[in-house]
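All values derive from a computational prediction rather than experimental measurement. Position 1 is the first residue of the sequence; numbering continues from there. In each ligand, atom 1 is the first atom listed, and ligand 1 is the first ligand listed.
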Amino acid sequence: MKLMVIGSGGREHAVIRKLKESPSVETIYALPGNGGIAADAECVDIGAKDIEGAVRFAKENAIDFAVVTPDDPLVLGMVDALEAAGVPCFGPDKKAAVIEGSKVFSKNLMKKYGIPTASYEVFDDAEKALEYVKTAPLPTVVKADGLALGKGVLIAQTREEAIEAVKSIMEDKKFGASGDQIVVEEFLTGPEVSVLAFTDGVTVKPMVSSMDHKRAHDNDTGLNTGGMGTVAPNPYYTKDIADKCMETVFKPTIAAMAAEGRPFKGCLYFGLMLTPNGPKVIEYNCRFGDPETQVVLPLMESDLLEAMQACRNGTLDKTDVRFSDKHACCVIMASDGYPESYEKGYEITCDAGINAQVYVAGAKLEGDKLLTSGGRVLGVTAVAESLPKAIDAAYSDVEKVHFGSAFYRHDIGGRALKALEN
Ligand code: AMP
Ligand code: GLY
């Protein structure tokens, strides 16, 4: 089969590597891919949001199956356009992708169907929102309704910060039209867990759980990033909690989307917080997480393409979805300064003897040299029998990867290790 994968990050690199293991895969095109992905797929210079370009390419190249990975094209309706052109896709259509595209939609969905989440208020008027945050309990969480490159959540510790957050989103339009409406919600506490789940709109099969590390620097300090590293499974996510999430969150969410006439097919990402009052949904994403995917897919034992086709064809109940009981750790190597400004154009070199998987996110080829071109440059993922071994193996291979201005966190998996000790 000829496949095309939309996107250009480490997540897409991990998806492509896994898809290559499927016996029926002949060729994979990446639109647009990146300099590192070029080692595993044919990169095509069509942007991830270029719906017309993707449809044209798919038709011209007789693509058998398309995997639309990033949020933007999903929310814009790339799956609808490809399917209309006769190209079978993995990924939700526009109507279902709204579960990530609008926080107001997802919060109202959870309220209507009794899915546990933080209590909240919605505002489309800055004055009313400002009035509200003057008396709302602190800390207060202010969220832009629409997509904001993962930066649309502001946690205000003080009254002043809450007012500033509302003003920056609704008046200064820090995230453009994504801030026309906001959600102001209750601050929750507890360990966070990411669960990616395959679903065909009826059946839901969760993948192995994982733990992201969102802050830029060690000990969870510094700015929020797209994610600086992950481990899987997440030790806080016990069998009991998994069973509870299945009954109170996963199944009800899939049923709610179907009842709303928006059946969700693809990978649904549940961002959960294990609060003292039980697991609650922090956010839904309509796609694989990044860098969660870089630890989850290396642990997948069954065939990824088969699972993706089953999600699209409505046969997930009959499809084998299996994960190993090993552990994985992914350490993201970034350009110093990320998530703000950083330098790029440095050559990436690797010493011999790397055992880990290196998933490339922000790099371009110049001749035969791989040069840094993004904030998150690459992820180094090791799989081992235990979490400590996976962490050690990942860090030992990080030492073998070199580029100018590189930085990474030194404590990926540290919190997970502590949880295991308790
Ligand atoms: P999001 O972009 O929705 O993933 O939010 C980013 C991060 O903000 C989450 O991973 C949480 O750590 C934090 N967060 C979001 N909502 C809440 C909440 N209601 N209470 C506490 N922390 C939150
Ligand atoms: N790592 C968080 C996300 O993919 O949204």
Asp145 vs Ser102, side chain to side chain donor-acceptor pair (under 3.5 Å): CA-CA, chis, key distance, verdict: CA-CA 5 Å; Asp145 173 50; Ser102 168; 2.7 Å; yes
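- For CG of Asp45, the number of neighbouring non-hydrogen atoms (other residues, nucleotides, ligands) closer than 6.0 Å is 12 at most.
- For atom 2 (O) of ligand 1, the nearest non-hydrogen atom of the protein is Val153 CG2, 3.3 Å.
- Between Leu188 and ligand 1, an N or O atom pair is found at a separation short of 3.5 Å.
- Seen from the ring of Tyr120, Lys111 counts as a face-on cation partner, given the 6.0 Å and 45° thresholds.
- For Phe90 and Phe65, the distance between ring centers is not under 6.0 angstrom.
- Which parts of ligand 2 touch Asp212 is read off a 4.0 Å heavy-atom cut-off, strictly below it: atoms 1 (N), 2 (C).
- At the shortest separation from atom 4 (O) of ligand 1 among protein heavy atoms lies Glu283 OE2, 2.7 Å.
- Protein heavy atom closest to atom 13 (C) of ligand 1, with residue, atom name and distance, is Ile155 CD1, 3.7 Å.
- With respect to atom 5 (O) of ligand 2, the closest heavy atom belonging to the protein is Arg287 NH2, 2.9 Å.
- Residue Gly226 has at least one heavy-atom neighbour below 4.0 Å for each of these atoms of ligand 2: 1 (N), 2 (C).
- Listed by number with element, the atoms of ligand 2 under 4.0 Å from a non-hydrogen atom of Glu292 are 1 (N), 2 (C), 4 (O).
- The closest protein non-hydrogen atom to atom 10 (O) of ligand 1 is Glu192 OE1, 2.8 Å.
- Residue-ligand proximity, Ile282 to ligand 1, at heavy-atom distances under 4.0 Å covers atoms 15 (C), 16 (N), 17 (C), 18 (C), 23 (C).
- Residue Asp325 places its CG atom among 12 or fewer non-hydrogen atoms of other residues, nucleotides or ligands, all under 6.0 Å distant.
- Of the heavy atoms in Arg11, none comes closer than 4.0 Å to ligand 2.
- A side-chain N or O of Tyr269 and one of Glu292 form a donor-acceptor pair less than 3.5 Å apart.
- For Glu100, no heavy-atom contact with ligand 2 is shorter than 4.0 Å.
- Here is the list of ligand 2 atoms found below 4.0 Å of a heavy atom in Asn285: 5 (O).
- Of all atoms in ligand 1, listed by their number and element, those nearer than 4.0 Å to a heavy atom of Glu185 are 16 (N), 17 (C), 18 (C), 19 (N).
- Under the 30°/60° scheme for interplanar angles, the aromatic rings of Tyr237 and Phe250 are found to be tilted.
- Using modelled atom types, one finds no donor on one side chain facing an acceptor on the other under 3.5 Å when comparing Glu12 with Tyr359.
- Within the 4.0 Å heavy-atom criterion, the part of Tyr269 lying near ligand 2 is the side chain and not the backbone.
- Residue contact annotation: Gly227 has no non-hydrogen atom under 4.0 Å from ligand 2.
- No more than 12 heavy atoms of other residues, nucleotides or ligands sit less than 6.0 Å from atom NZ of Lys167.
- Contact atoms of ligand 1 toward Lys214: 4 (O), 10 (O) (distance under 4.0 Å to a heavy atom of the residue).
- Environment of NZ in Lys400: crowded, with over 12 heavy atoms of neighbouring residues, nucleotides or ligands closer than 6.0 Å.
- Between Phe198 and Phe288, the ring planes lie perpendicular to each other; the angle is over 60°, past the 30° to 60° tilted range.
- Proximity to Gly289 (heavy-atom distance under 4.0 Å) selects the following atoms of ligand 2: 4 (O).
- Checked by distance only, ligand 1 and Lys143 come closer than 3.5 Å through their nitrogen or oxygen atoms.
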Verdict with supporting geometry, Ile182 and Val122, side-chain contact (heavy atoms from CB on, under 4.5 Å): CA-CA 6 Å; Ile182 59 166; Val122 173; over 6 Å; no
